[in-house]
Colleague: 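Got a structure for you, questions after.
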There are 2 protein chains.
Amino acid sequence: MNKVPPTRTSPVTALDVARRANVSRSAVSRAFTPGASVSESTRLKILKAAEELGYRVNLVARGLNKQRTDLVGMIASRMDNPYRAQQIDALAKHLVRKGFRPMLFCIDEENNVEQLLSILLNYRVSGVVITSDAPPAEICAECARMGVPLVLVDRADDLPFVDRINGDDVKGGQLAAEALMEAGRQSFIAVRQDSLGYSGQVRVSAFAERTAQEGIKAQIISVGQDEYAGGAEAATSVAEMLEDNPGVFCPSDTVALGLVDTLRTRYGVEIPRQLGVIGYDDIPQASWNFARLTTIRQSVTDFARVTVDLLCDRMENPELAPRTRKVDVHLVQRDSA
Amino acid sequence: MNKVPPTRTSPVTALDVARRANVSRSAVSRAFTPGASVSESTRLKILKAAEELGYRVNLVARGLNKQRTDLVGMIASRMDNPYRAQQIDALAKHLVRKGFRPMLFCIDEENNVEQLLSILLNYRVSGVVITSDAPPAEICAECARMGVPLVLVDRADDLPFVDRINGDDVKGGQLAAEALMEAGRQSFIAVRQDSLGYSGQVRVSAFAERTAQEGIKAQIISVGQDEYAGGAEAATSVAEMLEDNPGVFCPSDTVALGLVDTLRTRYGVEIPRQLGVIGYDDIPQASWNFARLTTIRQSVTDFARVTVDLLCDRMENPELAPRTRKVDVHLVQRDSA
DNA sequence: GTGAAAGCGCTAACAC
DNA sequence: GTGTTAGCGCTTTCAC
């Protein structure tokens, strides 16, 4: 099966193609530039020569010349969160569809947002999307100075010079409260889980405010860092509040799943008979049989589309005032509430 | 909070820094090249000037010049599979750690491996890792010709010029069979799910061969494309084979989870009393309470490390014969078997 | 150790 | 429509 390795041919450039096709190298360049003015006949001649030589445009060289690479950085964290993984997947696909080339940097102990963003800037990327922690303000300013659009996903509204995209967390929290109230729950609990950051806070607050409107104060349970384990942790408290027929809101499906799963297996609680649970995101696992989780869905493809729009707008017009765009959410009714 | 946007400064180049520091631009270049010969004093002087001007090396220009960009392409599919997402995460992190810059392309309806690989080649990437379908042989040859190392993850051994990395699927299948036998199961079933591709096949075959060694023929159940749904589908058949005290092997945790979950909720089956189930990969969901899935674990960080090693080796020595490296696997004993 | 000059492969005025 | 020329910003011999 393994033939001899092909001899490494010396890299073939536009000049090689030009010579072979008996044209100038600019003609070659034009032949590979959509919408440039070349006669069809020479274009074909050039394409043929290129084909024979195995020529491919060097996008690095083109990038240097055009001062734009079409590279777009994505800075992510917590890819073990299924929703985040889906977001990245959808974003990467949509970027490619729009002619960009996604780079993926994941935060970890050794590399923080700032360092990664700095590398991206050195590559003269056409834009950056950040789904992890927000970067320091000063480097945002530097992006602005360099004309590199920055989009923050699900982050607070406190950074200058950048565009933001969020799910409609307020509506989401409200929908959750309303669904639980309509299901006839008498008391309300929200689980606060810190790794969710800004969005989680907003969702929980909106939930609590909505129940307060009906005169019922929601209890807040705070739990630790890991999402599923956090839900499991919350189960201990929730198990003791069952007599009030509670409705529980978790600002993330994984937290909700940890809660539901633990409540049933460890405490023999029946859902939705004894309590209702609502999650957030509608990850694939939410529909699994053991949970059949009612949840608030936000579409990752909407996110991707809007994010790329934001990027493109700002490339065309860097002077635009910073914008925040919201993605709609809706309730997905299953059996847990 | 929103100050006025900083005026877009014209891009500052090495020449600007050079003038400001009263040196030549080659000095500036050296100052930013680790291990170049510059006196400490001028280096400092240059760094200071660069700092003041807000200079950052243009990696695109450097890439053009050095004929290598340190960009490494990752071509992935099915990021909704948690294991794949973890693999990408681990790989991206390790690449950065080693000084590379990961690009992420996800296969979809509009973009197949070949097209995406072709784009990558145009960026003169330093290497490509493919965790999705294998690309056509001819483009592999082209990578070889261009001196771009290619690593295939979990793919069959049928492509020339490329390196491969696999989990030890044979050992994994055997371990599963042995664990089930030790648990006293009397009959054996393996679920075949096609989206798993090559690795899935090998695992199932190894499982069947191992039970055959003990004189018991394993039954194979073939199911549809979606992993969890495939497991649920298998549940229907498995539910009718319970009297034989079966041990079931699923070559992916998500399939196993679909099976376990459906068996319990739809058929009231008790696990492990009535049957044993073993999955593969040890994704986070495998340890969730509803399943407590016994599974075969393969470390994503091992994968990442070996993959990058493979890449680096071949960059240093492109003439190397194609290699296949195996990552070890082991049994994670939980409650489902 | 430092500077001058050449060149990486491409695009974009500008002439013709 | 096509060729000529001049860079894009960097690294790298090669002298000194």
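Within every chain, numbering begins at 1; the chains are lettered A, B, ... in the order of the sequence lines, protein sequences first and strands thereafter.
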Colleague: For side-chain contact (heavy atoms from CB on, under 4.5 Å), just list the numbers for B:Q87 and B:D154, CA-CA rounded to whole Å, side-chain angles, deciding distance to a tenth of an Å, and then say yes or no.
Modeller: CA-CA 11 Å; B:Q87 266 188 161; B:D154 280 339; 4.2 Å; yes
Colleague: So do the side chains of B:K93 and A:E109 get within less than 4.5 Å of each other, counting heavy atoms only?
Modeller: no
Colleague: Regarding B:V60, tell me which of base, sugar-phosphate or nothing describes its non-hydrogen contacts under 4.0 Å with the strands shown.
Modeller: nothing
Colleague: Check DNA chain D against residues 16-40 of chain B and give the residues with a non-hydrogen atom under 4.0 Å, in numerical order.
Modeller: B:R25, B:S26, B:S29, B:R30
Colleague: D:dA6 P sits how many Å from A:K66 NZ, rounded?
Modeller: 22 Å
Colleague: Does a side-chain heavy-atom distance below 4.5 Å link B:V153 with B:V129?
Modeller: yes
Colleague: Check this for me, if you would: do A:E51 and A:K48 make a salt bridge, where the nitrogen-to-carboxylate-oxygen distance has to be below 4.0 angstrom?
Modeller: no
Colleague: Show, in sequence, the C-alpha distance, side-chain angles and deciding distance for A:Q115 and A:I119, and conclude whether the side-chain contact (heavy atoms from CB on, under 4.5 Å) test is met.
Modeller: CA-CA 6 Å; A:Q115 294 168 307; A:I119 296 175; 5.7 Å; no
Colleague: Give the rounded distance in Å between these two atoms: CG of B:L64 and C1' of D:dT12.
Modeller: 14 Å
Colleague: To the nearest 0.5 Å, tell me how far B:K45 NZ sits from B:R20 CZ.
Modeller: 13.0 Å
Colleague: Send over the distance from A:Q67 CD to D:dG7 P, rounded to a whole Å.
Modeller: 14 Å
Colleague: Given atom CZ of A:R43 and atom P of D:dT2, what is their separation to the nearest angstrom?
Modeller: 12 Å
Colleague: Would you sort out whether B:S132 and B:F105 count as a side-chain contact (heavy atoms from CB on, under 4.5 Å), showing the intermediate values?
Modeller: CA-CA 10 Å; B:S132 69; B:F105 285 5; over 6 Å; no
Colleague: Check the side chains of B:T13 and B:R25 for a donor-acceptor pair under 3.5 angstrom, ignoring hydrogens and angles.
Modeller: no
Colleague: Roughly how many Å is it from CG in A:N65 to C1' in D:dT5, rounded to a whole number?
Modeller: 13 Å
Colleague: Write down the distance between CZ (A:R124) and P (D:dC10), rounded to a whole number of angstrom.
Modeller: 7 Å
Colleague: When you measure from every atom of DNA chain D, which of residues 45-56 of chain A have a heavy atom less than 4.0 Å away?
Modeller: none
Colleague: In sequence, state the C-alpha distance, the side-chain angles, and the governing distance for B:E142 and B:L117, and then conclude on side-chain contact (heavy atoms from CB on, under 4.5 Å).
Modeller: CA-CA 10 Å; B:E142 187 157 11; B:L117 186 47; over 6 Å; no
Colleague: Is a donor from one side chain sitting under 3.5 angstrom from an acceptor on the other, for A:T69 and A:R101?
Modeller: no
Colleague: I'd like the 5' and 3' limits of the part of DNA chain C contacted by chain A, with heavy-atom contacts below 4.0 Å.
Modeller: C:dG9 to C:dA13
Colleague: Surrounding NZ of A:K326 (heavy atoms of other residues, nucleotides or ligands, distance under 6.0 Å), is the total greater than 12?
Modeller: yes
